[in-house]
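Presented below is the structure to which this report refers.
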Amino acid sequence: MAAETRGPRRNPEEAFNAVGDHIGGDREQLLSFGTDEDLASVVQPGSDLVILAQVQSLFRWAQLSSIWPMTFGLACCAIEMMSAAGTRYDLDRFGAGAMRATPRQSDLMIVSGTVTAKMATRVKRLYDQMPDPKWVIAMGSCAIGGGPYFKHGYHVVKGVDMMIPVDVYVPGCPPRPEVLLEGLMRLQDKIRGKKGRLVRPKWIDDYITRIPD
Amino acid sequence: MILPKLQHAPASRPGDRARTMKSELLHINMGPQHPSTHGVLRLFITTDGEVVHSVTPYIGYLHRCAEKKAEGNTYHQYIVYTDRMDYLSAMNSNWGYCMAVEKLMEINGMGVEIPEYAEYVRVIIAELNRIASHLIAFGTYGLDIGAMTPFFHALREREAILNIFEKVCGARLMYSYYVVGGVKWDIPPDALEEIELFVKLFPDKLREYNELLTTNKIFVERTANVGVIDEDLAVAYGCTGPVLRGAGVKWDLRKDQGYSIYDRFDFEIPVGGGDMGTVGDCWDRYWVRMLEMEQSLAIVEQALQQMPREGEIMAEMPRRLKIPNSEVFFRSECPKGELGFYILSDGGDVPFRCKVRSPAFHNLHVIEEVGAGQMISDLVATVGSLDLVLGEIDR
Amino acid sequence: MTPAEVEAGLREVFGDRILSSSAVEEGRDTAWPRRIDVAVDALEEVCRYLRDSQGFDRLLCVSGIDYEGYDESGKGKHIEISRYEEDGSPTPTKPGSGDLAVVYHLHSRAHGGEVAIAARVRRTEPKVPSVGQVWPTALWAERETYDMYGIEFEGHPDLRRILLPEDWEGFPLRKDYAMPSRYHDVPLEGAPLAVRTSPREVREEKE
């Protein structure tokens with residue numbers, strides 16, 4: 001890796017482009033590591049087979065590419081989670097198909113369904129048993145905020161985020177598997193370090209203006 | 001009638017030999033987060049070595065106050081909560097509730113006549129959902145026993161059914177498609193074509209499943225003669241559906257009570273015959289479900305032929321349903337068993353009380369009796385064969 | 001076996017203890033189902049008699065009912081929505097005074113009859129004999145009724161809550177139930193925890 005002669009400084013982005021062209025595939029998605037420019041400059045120009053990366057970014061890349069979710073079905077949404085892992089949607093394409101039955105081997109907890117008062121302490125305990133780094137997806141209206149059981153739901157915790165911190169909220173009752181996949185990708189973005197963004201589609205503005213006071 | 005005695009560890013069970021060795025009993029908690037409990041069921045097991053000495057189910061981890069919700073929602077609004085009870089066969093739950101309300105209206109002289117076309121639509125969709133529910137039962141039972149492949153095969157065909165439902169009502173899991181007085185939407189023509197295609201293709205798939213699992217040597221060894229629920233036990237514990245029929249009892253509300261238009265179709269009630277072992281073992285319950293899928297398919301096929309080409313999908317209904325003081329208890333045959341709704345009306349637009357008779361609740365109770373004396377691995381097979389849905393047990 | 005025969009048999013054996021009997025569908029006396037109100041102390045005997053002599057071999061369902069407000073021929077009374085004091089404790093609602101009831105739905109495979117046996121008890125002492133010795137399936141169903149209504153079943157071997165946690169306070173399906181905002185350290189309503197930020201964001205904030 002050490003270069004004998006230091007060539008002119010090369011823009012790290014260019015270097016990665018070259019690497020990306022060489023190995024093919026979606027470079028943006030796979031290899032957007034942040035690199036130190038000084039470090040990049042020690043690389044011999046033209047040696048396209050070297051990838052420079054911060055260790056942290058590399059680890060994050062590894063983490064986001066092999067998220068192991070816990071087999072944790074609570075209610076109806078678990079069926080859609082099963083479908084997402086099943087034949088048509090195949091969660092495994094995104095490296096998240098290795099469902100673990102124990103919290104001690106998993107990175108991701110998909111809270112798929114209603115959290116009740118009786119179950120809440122168990123959810124908390126399972127979360128505590130997961131090794132760091134760990135992430136949580138709140139899947140479905142019930143896990144987000146009580147959903148259809150918000151009113152009169154004497155035994156329903158109105159949102160799992162009152163018990164454990166949540167990274168990604170996946171709305172729907174139940175969310176379609178596509179939405180869960182989207183939620184997974186947003187989680188990958190988050191692990192990668194991309195900032196979240198709030199996009200308000202145009203139709204919402206249109207809709208709001210049409211609601212009478 | 002001979003009733004089973006209520007004790008957890010009857011004499012001369014496999015555990016007895018171990019017990020003479022004076023080993024200590026071990027308490028094991030299975031669940032609520034456990035891959036083979038089909039949701040958030042917790043089984044508290046006392047074991048003697050590997051033999052289960054007693055098993056106590058703890059439920060309620062998914063108690064979502066559905067009966068309280070009924071007292072705060074109008075008759076129409078409550079349909080969405082029936083979806084979420086048995087979420088594998090939401091159409092059947094919808095239908096059961098709608099029929100209960102229709103019966104209640106009929107008692108009070110407000111009866112509506114469901115259009116014939118709508119009845120056919122109801123039957124077709126409900127039977128398709130029965131197949132979808134049994135497919136999940138088949139797939140996850142394979143997973144419990146240790147066979148991964150059938151699950152993916154089952155999900156493939158289930159997706160085909162969900163595709164149809166999506167075209168019919170726009171949802172994959174929670175349909176709210178049945179309304180009091182009929183159905184919400186008409187079946188679009190392309191969905192009808194798809195149903196016809198499904199009816200044509202599915203028998204082949206069933207054959208495939210049977211080759212994969214039904215006569216598989218390991219599967220038979222794991223399920224035959226395991227978890228035997230005989231007729232007396234099943235009746236005493238209020239078991240219904242495939243659990244009761246697996247015990248050799250020919251009892252199906254579609255035929256014996258004859259609701260809706262089921263008298264127009266020619267179908268059979270499959271019962272367990274102990275083909276691989278004893279009558280009422282896990283294999284029988286599994287086999288009854290496989291046969292029921294065939295029968296459901298036959299019903300769909302006949303309904304497609306008999307169905308009028310077009311018609312009304314909904315009867316004329318009052319917009320605001322107010323029902324005077326009266327009560328009704330109506331049961332319908334769901335994939336899990338007899339789903340009953342006991343509705344008490346008080347003249348308002350919300351039910352005064354709506355009790356749900358959940359089939360899986362009673363089916364699960366029998367595990368206290370059957371589970372004692374088994375091996376732990378057999379307990380998993382037995383729980384799987386009951387086809388539990390916790391949303392319905394806990395409501 | 002017709003409804004009239006079943007009723008006649010019951011009246012002959014139990015006499016006054018059969019309080020009232022009506023076809024649920026008014027005006028159709030010959031039809032099932034039929035609701036029979038019995039005295040509380042006769043409940044278990046009636047059930048045993050119906051099982052042994054009349055062929056009602058299946059217990060379908062056990063339901064509790066809180067008749068609070070029902071007899072005023074209610075006008076669609078909605079249940080109370082939980083209200084809270086400043087400190088988060090629920091505002092006590094007006095205690096109810098209506099009767100409680102248990103309804104057993106029986107079914108006969110032999111002759112297809114379906115009958116509802118009901119027993120009404122005072123709210124102040126809700127005690128009903130258990131029929132767990134007649135149909136084992138009643139054991140769980142009665143536990144559920146106890147859980148939701150606080151009706152105590154005498155002679156039940158294992159009367160505990162079944163759906164709710166064992167130390168839950170109150171009986172939720174009673175009409176005067178006030179919903180809690182907390183169960184031990186589980187908040188049932190309230191504000192969520194802080195949303196966790198990603199490591200990158202934390203780092204940027206530090207800079």
Side-chain angles (χ1 to χ4, degrees), chain A residues 70-90 92 97 99-103 106 109 111-123 125-127 129 140-142 146-157 172-179, chain B residues 29 31-40 42 58-73 77-78 80-81 83-88 90 132-133 136 139-140 143 149 151-160 162-163 166 171-174 176 389-392 394-395:
Chain A
M70 185 162 60
T71 319
F72 184 48
L74 277 178
C76 337
C77 292
I79 305 298
E80 287 299 66
M81 192 171 78
M82 265 163 55
S83 298
T87 325
R88 192 198 278 179
Y89 295 98
D90 197 5
D92 224 354
M99 294 268 183
R100 310 314 291 179
T102 159
S106 41
M109 178 193 239
V111 184
S112 55
T114 319
V115 183
T116 59
K118 206 172 177 179
M119 193 65 198
T121 46
R122 268 82 176 176
V123 173
R125 189 180 301 168
L126 286 168
Y127 177 75
Q129 282 175 346
S141 310
C142 293
Y149 301 94
F150 185 80
K151 197 177 159 192
H152 303 151
Y154 52 84
H155 193 230
V156 175
V157 179
C173 189
R176 298 174 56 92
E178 288 99 326
V179 188
Chain B
N29 236 335
Q33 200 273 317
H34 191 274
S36 68
T37 51
H38 292 234
V40 284
R42 178 176 154 217
Y58 283 77
I59 58 176
Y61 292 95
L62 193 53
H63 176 54
R64 297 191 281 194
C65 332
E67 286 171 16
K68 190 80 171 175
K69 296 246 38 151
E71 296 168 20
N73 285 293
Q77 283 171 340
Y78 192 58
V80 292
Y81 293 97
D83 273 332
R84 284 153 184 81
M85 279 169 200
D86 183 357
Y87 38 76
L88 287 180
S133 171
I136 287 279
T140 53
L143 277 184
T149 320
F151 177 69
F152 294 110
H153 284 252
L155 274 195
R156 184 185 61 200
E157 269 69 65
R158 184 169 178 270
E159 290 289 341
L162 295 193
N163 255 1
E166 226 177 309
R172 275 171 55 89
L173 204 61
M174 302 294 164
S176 299
V389 168
L390 267 292
E392 187 190 47
D394 297 343
R395 280 152 288 155

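Each chain gets a letter, A, B and so on, in the order its sequence line appears, and its residues count up from 1.
- Residues of residues 78-85 of chain A lying under 4.5 angstrom from chain B, judged on non-hydrogen atoms, are A:Ile79, A:Glu80, A:Met82, A:Ser83, A:Ala85 by number.
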B:Glu166 and A:Arg176: side chain to side chain contact (heavy atoms under 4.5 Å, CB included), yes or no, with the steps? CA-CA 11 Å; B:Glu166 226 177 309; A:Arg176 298 174 56 92; 2.7 Å; yes
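- The two atoms that bring B:Gly60 and A:Thr116 nearest to each other are O-OG1, 4.3 Å, heavy atoms only.
- Interface residue A:Leu74: backbone and side-chain heavy atoms are both found under 4.5 Å from chain B.
- Across every non-hydrogen atom of B:Cys65 and A:Val156, the tightest pair is SG-CG2, 4.1 Å.
- Comparing B:Leu155, B:Ile136, B:Leu62 by heavy-atom pairs within less than 4.5 Å of chain A, the highest count is held by B:Leu62.
- For a residue to count as touching a neighbouring chain, one of its non-hydrogen atoms must lie under 4.5 Å from one of that chain's; by this rule B:Ile59 touches chain A with the backbone only.
- Ranked by heavy-atom pairs shorter than 4.5 Å toward chain A, the options B:Arg156, B:Arg84, B:Glu159 are led by B:Glu159.
- For the residue pair B:Leu173 and A:Pro174, the shortest heavy atom distance occurs at CD2-CG, 3.6 Å.
- Note on ring orientation: taking the six-membered ring where Trp is involved, the planes of A:Tyr149 and B:Tyr81 are perpendicular (angle over 60°, cut-offs 30° and 60°).
- Here the CE atom belonging to A:Met119 is positioned 9.5 Å from the CG atom belonging to B:Leu390, to the nearest 0.5 angstrom.
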Mind running side chain to side chain contact (heavy atoms under 4.5 Å, CB included) on A:His155 and B:Lys68 for me, showing each step along the way? CA-CA 11 Å; A:His155 193 230; B:Lys68 190 80 171 175; over 6 Å; no
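- Annotation: side chain of A:Pro177 is in contact with side chain of B:Arg172 (closest heavy-atom distance under 4.5 Å).
- The backbone N or O of A:Pro148 sits less than 3.5 Å from a side-chain atom of B:Lys69, completing a donor-acceptor pair.
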